[in-house]
Amino acid sequence: MPMGNAVPAASAGQSELLKVEQKGAVLSVGLNRPAKRNALNDGIILAIGDCFANLPDGIGAVVIHGLGDHFSSGLDLSELTEQDATEGLRHSQMWHRVFDRIQYSRVPVIAALKGAVIGGGLELACAAHIRVAEPSAYFALPEGQRGIFVGGGGSVRLPRLIGVPRMVDMMLTGRVYTATEGSSYGFSQYLTEAGGALPKAMELAERVAANAPLTNFAVLQALPMIAEANPQTGLLMESLMATVAQSDKEAKQRIRAFLDRKTAKVKPT
């Protein structure tokens with residue numbers, strides 16, 4: 001059943017591998033292979049890519065989650081058995097294109113994590129902008145034990161979250177991190193009570209969807225580039241982006257509303 005007053009999304013929910021619902025300005029995208037712990041085969045990856053390439057108008061944020069007890073157990077290994085080197089390269093690049101659509105989406109993407117968040121499932125989570133985990137979540141990269149290597153962008157994205165040494169340890173030894181450890185080491189930004197990841201992700205999505213679209217764009221697209229630029233280039237990019245953002249009509253309206261005491265001041269929660 002749809003969540004609350006959510007309705008099935010008209011354009012993105014054709015695939016049975018995804019359960020896509022729209023609730024206001026938030027699009028909920030559920031990985032729908034619970035019997036396989038939401039293992040990622042080509043079908044579900046392509047469905048995710050199609051979903052993010054065709055976000056409905058009016059969407060301000062996306063929540064991606066797993067149906068059943070797990071977020072995703074990673075790559076469906078049955079799809080690797082018949083691939084030669086060329087096919088393997090193309091397969092990896094296809095994952096890269098899809099996960100880039102998430103990372104460079106026009107709207108913020110929040111991942112709600114529970115159960116297995118391993119291998120390709122962790123790579124998928126890393127493409128999101130905010131990750132919310134509940135206590136059942138656990139993080140692992142079993143590629144070393146399987147005789148393979150990450151192929152969905154994990155070697156680029158995950159070290160930026162947890163550092164290269166920690167990722168090396170995971171791949172060499174098969175180390176598994178708990179949800180509590182994950183929130184401390186950078187796998188997730190939020191840790192909820194049991195069963196709380198999806199509700200919290202939806203709450204956050206509703207909040208960020210209410211931001212000025214240009215500010216969200218700057219945070220998603222400009223901030224990562226500024227952080228990786230040399231300091232002087234980064235400072236110039238920051239000045240340019242700040243000028244563009246504050247010149248926007250919506251920014252002026254929001255600032256005026258604050259000065260007129262029509263919006264609340266920031267307070268600790």
Side-chain angles (χ1 to χ4, degrees), residues 9-22 26-34 36-56 59-67 70-80 82-83 85-113 116-132 139 141 143 146 148-161 167 187 201 205 216-217 220-221 224-225:
S11 63
Q14 304 95 333
S15 172
E16 294 181 355
L17 297 171
L18 296 180
K19 183 178 181 181
V20 182
E21 299 173 334
Q22 183 172 344
V26 177
L27 194 70
S28 167
V29 180
L31 309 179
N32 192 19
R33 297 187 79 200
K36 294 284 189 179
R37 297 200 304 168
N38 294 319
L40 302 173
N41 60 10
D42 283 358
I44 199 168
I45 292 295
L46 291 171
I48 293 170
D50 180 67
C51 177
F52 278 89
N54 298 283
L55 292 177
I59 290 299
V62 175
V63 171
I64 189 164
H65 63 100
L67 299 179
H70 302 276
F71 177 71
S72 175
S73 60
L75 171 66
D76 189 335
L77 293 176
S78 65
E79 295 200 338
L80 289 185
E82 302 299 328
Q83 289 183 354
T86 301
E87 291 169 335
L89 176 63
R90 291 173 177 168
H91 187 260
S92 174
Q93 291 179 325
M94 182 264 285
W95 279 51
H96 291 165
R97 288 192 296 272
V98 171
F99 289 1
D100 278 352
R101 283 183 177 174
I102 298 173
Q103 181 177 350
Y104 301 110
S105 171
R106 66 175 176 83
V107 299
V109 180
I110 302 174
L113 308 177
V117 188
I118 62 179
L122 179 53
E123 293 181 284
L124 171 58
C126 288
H129 306 106
I130 298 174
R131 287 160 296 281
V132 182
F139 308 93
L141 292 172
E143 282 80 357
R146 305 287 187 265
I148 56 177
F149 192 74
V150 291
S155 61
V156 173
R157 293 187 178 96
L158 186 56
R160 286 172 165 78
L161 300 178
M167 182 173 178
F187 291 92
N216 279 350
F217 171 84
L220 300 184
Q221 310 299 334
M225 297 178 65

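In terms of heavy atoms, Glu143 sits closest to Gly119 at OE2-CA, 3.3 Å. Residues Leu40 and Ile44 come closest through the heavy atom pair CA-CG2, 3.6 Å. Taking all atoms of both residues into account, the shortest heavy-atom contact from Asn38 to Gly66 is ND2-CA, 3.5 Å. Of all heavy-atom pairs spanning Leu55 and Ser105, the tightest one is CD1-OG, 3.8 Å. In plain terms, the two heavy atoms of Gly49 and Val98 that are nearest each other are N-CG1, 3.6 Å.
Looking at Asn32, its side chain never comes within 3.5 Å of a backbone N or O of Leu67 through a donor-acceptor pair. Between the side chain of Ser28 and the main chain of Glu21, no donor-acceptor pair closer than 3.5 Å is present. Under the 3.5 Å distance criterion, the side-chain polar atoms of His65 are left unmatched by any main-chain donor or acceptor of Ile110. Distance alone, capped at 3.5 Å, is enough to place a donor-acceptor pair between the His70 side chain and the Ala116 backbone. Here the side chain of Glu123 pairs a donor or acceptor atom with the backbone of Gly154 at under 3.5 angstrom. With hydrogens and angles disregarded, no donor-acceptor distance shorter than 3.5 Å links the side chain of Arg101 to the backbone of Ala53.
The CD atom of Gln93 sits 4.0 Å away from the CG atom of Leu89 when rounded to the nearest 0.5 Å. Considering CD of Gln221 and CG of Asn216, their distance stands at 10.5 Å, rounded to 0.5 Å. In this structure, Ser72 OG and Ile64 CD1 are separated by 9.0 Å, a value rounded to the nearest 0.5 Å. In this structure, Phe71 CZ and Leu113 CG are separated by 5.5 Å, a value rounded to the nearest 0.5 Å. The CG atom of Leu31 sits 13.5 Å away from atom CZ of Arg37, with the distance rounded to the nearest 0.5 Å.
Arg106 is not listed as a side-chain neighbour of Phe217, based on a closest heavy-atom distance of 4.5 Å or more. Using a 4.5 Å cut-off on side-chain heavy atoms (C-beta onward), Leu27 and Val107 make no contact. Side-chain contact between Leu124 and Phe99 is present, with at least one heavy-atom pair separated by less than 4.5 Å. With a 4.5 Å cut-off on side-chain heavy atoms, Leu18 and Asp50 do not count as touching. No side-chain heavy atom of Phe187 sits under 4.5 Å from any side-chain heavy atom of Val117. Here the side chains of Val150 and Leu158 are not in contact, with every heavy-atom distance at 4.5 Å or above. Side-chain contact between Gln103 and Val156: absent, with no pair of heavy atoms (C-beta onward) separated by less than 4.5 Å. At least one side-chain heavy atom of Asp42 sits under 4.5 Å from a side-chain heavy atom of Met94.
Take Arg33 and apply the side-chain hydrogen bond (donor to acceptor under 3.5 Å, both in side chains) test, not counting sequence neighbours, and it matches Asp76.
Checking each of Ile130, Ile102, Leu220 against Val109 for a side-chain contact (heavy atoms from CB on, under 4.5 Å) leaves exactly one that passes, namely Ile102.
In summary, Asp100 and Arg157 engage in a salt bridge, as defined by a charged side-chain N under 4.0 Å from a carboxylate O.
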